[in-house]
*Asks:* 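I have a structure here, written as structure tokens, and I will follow up with some questions on it.
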Amino acid sequence: EKILADHGVVTVEQISNARRFSFACPALPTCGLAVTESERALPSVIDDVEAELSELGLADEQFTIRMTGCPNGCARPYNADVGLVGRSVDGKTGEGRYTIFLGGSLLGTRMAAIYKDQVSRSAIVTTLRPLFIHFKENRTPDECFGDFCDRIGVEALAEVADAVADTVVGEAS
């Protein structure tokens, strides 16, 4: 442990739960099937998620975030609490676009459902933010994020997110 500390290697106790339980496939440039970034993009996605969760007082929550560069699902995004599956690249900006899956489980024992499709990399966390807020305010005791999303359902979560977006637009007017 001293050798690791001397070389700046963080231990499991020093990283966030969001980072600890995240996983990505290699994607670009390693995999010939990949259409978007994954392994190189996930650390910055996790940075943004960590900041959001910290701001909302949810930093200690355990949930899985898995990201792939194509629909083959090598990082198992289809059974994660939050799955990000690479779908395309914006022709103008070159930014990856992803399908967001919600409602899997920390243990990977339940399939997630499609929440939103073609979400740009830069919009992933802003897309998830209303759901994190709804989770914080409406979950049952000891309920994790994936269980919450599965219980509520993606259609109801989309309605909540739309209502939050409408409120924010109304406040800006």
Side-chain angles (χ1 to χ4, degrees), residues 4 7-56 58-132 135 144-150 153-154 157-158 161 165:
L4 292 173
H7 289 86
V9 177
V10 294
T11 63
V12 71
E13 296 84 15
Q14 297 170 311
I15 59 175
S16 73
N17 283 330
R19 192 170 304 274
R20 177 180 180 191
F21 296 110
S22 68
F23 192 76
C25 72
L28 296 174
T30 304
C31 178
L33 300 174
V35 293
T36 63
E37 290 285 352
S38 176
E39 183 178 52
R40 295 186 296 191
L42 186 59
S44 65
V45 170
I46 297 297
D47 289 343
D48 296 345
V49 168
E50 285 172 334
E52 203 62 54
L53 293 176
S54 180
E55 181 182 318
L56 295 171
L58 296 170
D60 293 333
E61 293 300 316
Q62 292 185 350
F63 62 93
T64 53
I65 300 173
R66 297 189 184 141
M67 182 179 227
T68 62
C70 80
N72 280 354
C74 294
R76 301 183 316 274
Y78 303 114
N79 61 358
D81 295 290
V82 177
L84 305 169
V85 177
R87 296 274 290 147
S88 66
V89 175
D90 185 297
K92 293 180 182 176
T93 66
E95 185 175 27
R97 299 178 79 68
Y98 299 83
T99 301
I100 298 177
F101 287 80
L102 297 173
S105 67
L106 184 65
L107 297 176
T109 56
R110 179 180 51 242
M111 296 299 289
I114 295 175
Y115 172 65
K116 296 264 186 199
D117 195 24
Q118 297 289 341
V119 177
S120 65
R121 158 50 197 105
S122 60
I124 290 171
V125 175
T126 56
T127 300
L128 293 173
R129 179 180 171 73
L131 308 181
F132 292 151
F135 167 67
C144 66
F145 187 67
D147 292 345
F148 174 79
C149 291
D150 182 63
V154 292
L157 291 171

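Values reported hereafter were calculated over all heavy atoms of this structure, with side chains retained and with hydrogens, waters and symmetry mates removed.
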*Asks:* For the residue pair Arg87 and Thr36, establish whether any side-chain heavy-atom pair is separated by less than 4.5 Å.
*Replies:*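 Arg87 does not reach Thr36 side chain to side chain.
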
*Asks:* Exactly one of Leu58, Asp48, Asn17 should register a side-chain contact (heavy atoms from CB on, under 4.5 Å) with Leu53. Which one does?
*Replies:*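 It is Leu58; the other options fail the test.
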
*Asks:* Indicate the ring-plane relationship of Phe145 and Phe135, choosing parallel, tilted or perpendicular according to the 30° and 60° boundaries.
*Replies:*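 Aromatic pair Phe145/Phe135 classed perpendicular.
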
*Asks:* With a 4.5 Å limit on heavy-atom distance, are the side chains of Ile114 and Val154 in contact?
*Replies:*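 Ile114 vs Val154: side chains apart.
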
*Asks:* Would you compute the distance between atom OH of Tyr115 and atom OG1 of Thr127 and round it to the nearest 0.5 angstrom?
*Replies:*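 It is 7.0 Å, given to the nearest 0.5 Å.
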
*Asks:* Under the side chain to side chain contact (heavy atoms under 4.5 Å, CB included) rule, collect the residues that match up with Thr93, sequence neighbours excluded.
*Replies:*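 Partners of Thr93 under the side chain to side chain contact (heavy atoms under 4.5 Å, CB included) test: Asp90, Glu95.
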
*Asks:* What's the spacing between Glu13 CD and Arg20 CZ if we round to 0.5 Å?
*Replies:*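 CZ of Arg20 is found 7.5 Å from CD of Glu13.
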
*Asks:* If I take atom OH from residue Tyr78 and atom CG from residue Asn72, how far apart are they, to the nearest 0.5 angstrom?
*Replies:*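 Rounded to the nearest 0.5 Å, the OH-CG separation comes out at 7.5 Å.
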
*Asks:* Measuring from Ile46:CD1 to Ile15:CD1, what's the distance to the nearest 0.5 Å?
*Replies:*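 Between atom CD1 of Ile46 and atom CD1 of Ile15 there are 10.0 Å.
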
*Asks:* Taking C-beta and beyond as the side chain, do Val45 and Met67 meet within less than 4.5 Å on heavy atoms?
*Replies:*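 Counting from C-beta outward, Val45 and Met67 do come under 4.5 Å.
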
*Asks:* Less than 4.5 Å apart, any side-chain heavy atom of Leu157 and any of Cys149?
*Replies:*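 The answer is yes; the side chains approach within 4.5 Å.
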
*Asks:* Quick one, Arg121 with Ser44, criterion side-chain hydrogen bond (donor to acceptor under 3.5 Å, both in side chains). Give me CA distance, side-chain angles, the key distance, then yes/no.
*Replies:* CA-CA 10 Å; Arg121 158 50 197 105; Ser44 65; 3.1 Å; yes

*Asks:* Going by heavy atoms in the side chains, are Phe101 and Arg66 under 4.5 Å from each other?
*Replies:*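 No, their side chains stay 4.5 Å or more apart.
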
*Asks:* Between atom CG of Asp81 and atom CZ of Phe148, what is the distance when rounded to the nearest 0.5 Å?
*Replies:*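 The CZ atom of Phe148 is 12.5 Å from CG of Asp81, to the nearest 0.5 Å.
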
*Asks:* For a quick test of reading the model, state the closest non-hydrogen atom pair linking Ala161 to Pro130 and the distance between them.
*Replies:*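 Shortest heavy-atom separation between Ala161 and Pro130 comes out as CA-CB, 3.9 Å.
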
*Asks:* Over all heavy atoms of both residues, which pair between Ala112 and Ala80 is shortest? Give the atoms and the distance, please.
*Replies:*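 So the two residues come closest at CB-O, 3.7 Å.
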
*Asks:* Would you call Asp47-Arg19 a salt bridge at under 4.0 Å N-O?
*Replies:*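 Judged by the 4.0 Å cut-off on N to carboxylate O distance, Asp47 and Arg19 do form a salt bridge.
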
*Asks:* Quick one: closest heavy-atom pair of Ser120 and Arg97, and the distance?
*Replies:*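 Minimum heavy-atom contact is CB-NH1, 3.6 Å.
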
*Asks:* Mind listing the closest non-hydrogen atom pair of Val85 and Pro71 along with its distance?
*Replies:*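 Nearest pair, atom of Val85 first, then Pro71: CG1-CA, 3.6 Å.
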
*Asks:* The criterion is side chain to side chain contact (heavy atoms under 4.5 Å, CB included); which residues satisfy it with Val35, sequence neighbours excluded?
*Replies:*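 Partners of Val35 under the side chain to side chain contact (heavy atoms under 4.5 Å, CB included) test: none.
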
*Asks:* Can you find a pair of side-chain heavy atoms, one from Leu84 and one from Ile100, that are under 4.5 Å apart?
*Replies:*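 Contact flag for Leu84/Ile100 side chains = yes.
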
*Asks:* Side chains of Leu42 and Ser22: does their closest heavy-atom pair fall under 4.5 Å?
*Replies:*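 Contact flag for Leu42/Ser22 side chains = yes.
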
*Asks:* Rounded to the nearest 0.5 Å, how far apart are NZ of Lys116 and CD1 of Ile124?
*Replies:*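 It comes to 13.5 Å.
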
*Asks:* Kindly write out the residues that satisfy side chain to side chain contact (heavy atoms under 4.5 Å, CB included) with Cys25, not counting sequence neighbours, or none if the list is empty.
*Replies:*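 Testing Cys25 for side chain to side chain contact (heavy atoms under 4.5 Å, CB included), a comparison that skips the adjacent residues, returns Ala27, Ser38, Thr68, Cys74, Ala75.
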
